[in-house]
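Okay, so here's the structure we're looking at.
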Amino acid sequence: MQRRQFITSIGTLGTLAAAGLAKPLVAASANSAPSSATAGTDASPSLLGGTPAVFAPTSESFTVTLPLSAAALAWIEYGETKSLGLTASSDQWGFVPHDSKVVKIRVTGLKPGTRYHWRAVLKPLGGKGAGETRTRIYTTKTLSPGAAETRFSVWNDTHDQAPTIQKLHSLRRNDDDFLLWNGDLSNNVNDASLIPGIYVSPKGVDLAEGPPIFLARGNHDVRGLWANKMTDYVDFPGDRPFYALRTGPVGMIVLDTCEDKPDAHRTFKGVAAFEPLIREQSRWLDEVTQQPALRDAPYRVVFCHIPLRWTKEVQADYNNKEWDHVSLRGRAAWHDTLVRWGAQVIVSAHNHRATLIPATSKFPYAQILGGGRAISNATIIRGHADAKQLKLAATMIHDGSISHEISFNPLA
Ligand SMILES: [Fe+2]
């Protein structure tokens with residue numbers, strides 16, 4: 001199976017960050033609507049193994065993931081109107097995207113802040129079988145670094161829970177620029193065949209109906225013998241699980257806090273090598289925060305699954321089944337750079353309890369956490385920023401009440 005099937009090469013994160021931030025970065029603003037879509041597949045058995053999903057919007061691209069039920073060729077028809085008119089049908093290696101399990105197609109060369117209509121077309125591979133499968137027409141929007149405002153929503157710790165995922169999806173806002181899914185979608189990945197049902201087509205929810213998705217990995221997304229296969233199905237701007245974006249007036253950085261125990265912990269069975277990844281993000285942060293689109297952003301926000309601050313910070317006893325409630329490893333590596341950059345708030349998850357910790361002189365960034373996996377304490381964190389303020393509000397999904405909110409004045 002090909003791991004990645006992009007329409008064009010997107011290069012390394014450093015390259016993308018430099019290019020994107022400079023002009024501006026991997027901008028952020030995309031959404032989609034349940035749309036004007038026409039329903040539509042033909043009469044043959046569907047080649048789709050589930051509904052599609054849109055990941056990693058940038059100012060000039062987005063990636064569509066298509067889970068497959070059989071070997072198929074796949075391409076995307078798209079355009080600024082329902083009549084489509086353009087086709088993305090070649091990967092960076094010169095192939096028409098094809099596979100038997102999943103294809104990811106990055107549609108590139110798009111305009112910033114622009115809504116695109118798109119559908120996927122699949123054809124049996126090798127000329128066997130009749131007919132094509134067509135998805136209905138969806139819409140999605142590229143990110144807009146130059147926009148005067150931005151809005152977004154954050155989910156976290158859904159842990160494959162059907163009622164919570166379905167409720168969250170029912171509350172989606174189609175004018176959001178993106179959905180940031182802040183980790184722990186899964187409960188350990190020890191069976192790779194479960195991945196599409198967790199990350200692409202979860203619990204009967206058609207993610208492509210909602211805004212495009214940024215993923216921040218949680219400790220349960222990196223845990224299990226086959227957690228490394230998740231990246232066959234999801235996409236990240238810059239092709240690594242940490243990235244920086246500019247969405248309207250907000251400079252945002254997504255960090256990967258990795259596991260909540262040291263790499264050598266016996267339960268990881270030798271597959272964990274996250275400590276080097278945390279160090280690599282430290283080097284990268286230093287570089288990316290100097291890019292003008294981030295350095296000069298009016299608002300500065302970090303998203304990461306495990307919080308960098310917590311109400312009770314004690315060293316976990318890993319030999320007695322304890323785990324990190326706060327990423328002290330991540331904080332040690334990143335704190336100084338985040339303070340230098342001017343990070344105003346860290347948006348996190350992990351402890352299953354909506355919480356707000358204000359900034360202090362020692363920690364000049366606030367920390368907000370979303371709630372847990374059950375509908376009774378799950379939240380959506382809604383974000384909105386314009387010239388006057390950035391506001392974040394954690395909303396309980398069972399009754400719509402706001403559990404915590406905080407706002408910030410622009411820095412620049
Ligand atoms: Fe977690």
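These numbers come from the heavy atoms of this one structure, side chains and all, not from hydrogens, waters or symmetry mates. Numbering of ligands and ligand atoms starts at 1, following listing order.
Around the Fe ion (ligand 1), the angle linking D184 (OD2) with H305 (NE2) is 90°, rounded to 10 degrees.
Closest heavy-atom contact between K167 and I397: CE-O, 3.1 Å. Among all heavy-atom pairs drawn from Y199 and L185, the shortest one is CD2-CD2, 3.4 Å.
For N351, every N, O or S atom stays at 2.8 Å or more from the Fe ion (ligand 1).
Remark: D206 engages R136 in a salt bridge, criterion side-chain N to carboxylate O under 4.0 Å.
Checking side-chain atoms of D235 against main-chain N and O of T63 turns up no donor-acceptor pair under 3.5 Å.
Within H350, the N/O/S atom positioned nearest the Fe ion (ligand 1) carries the name ND1.
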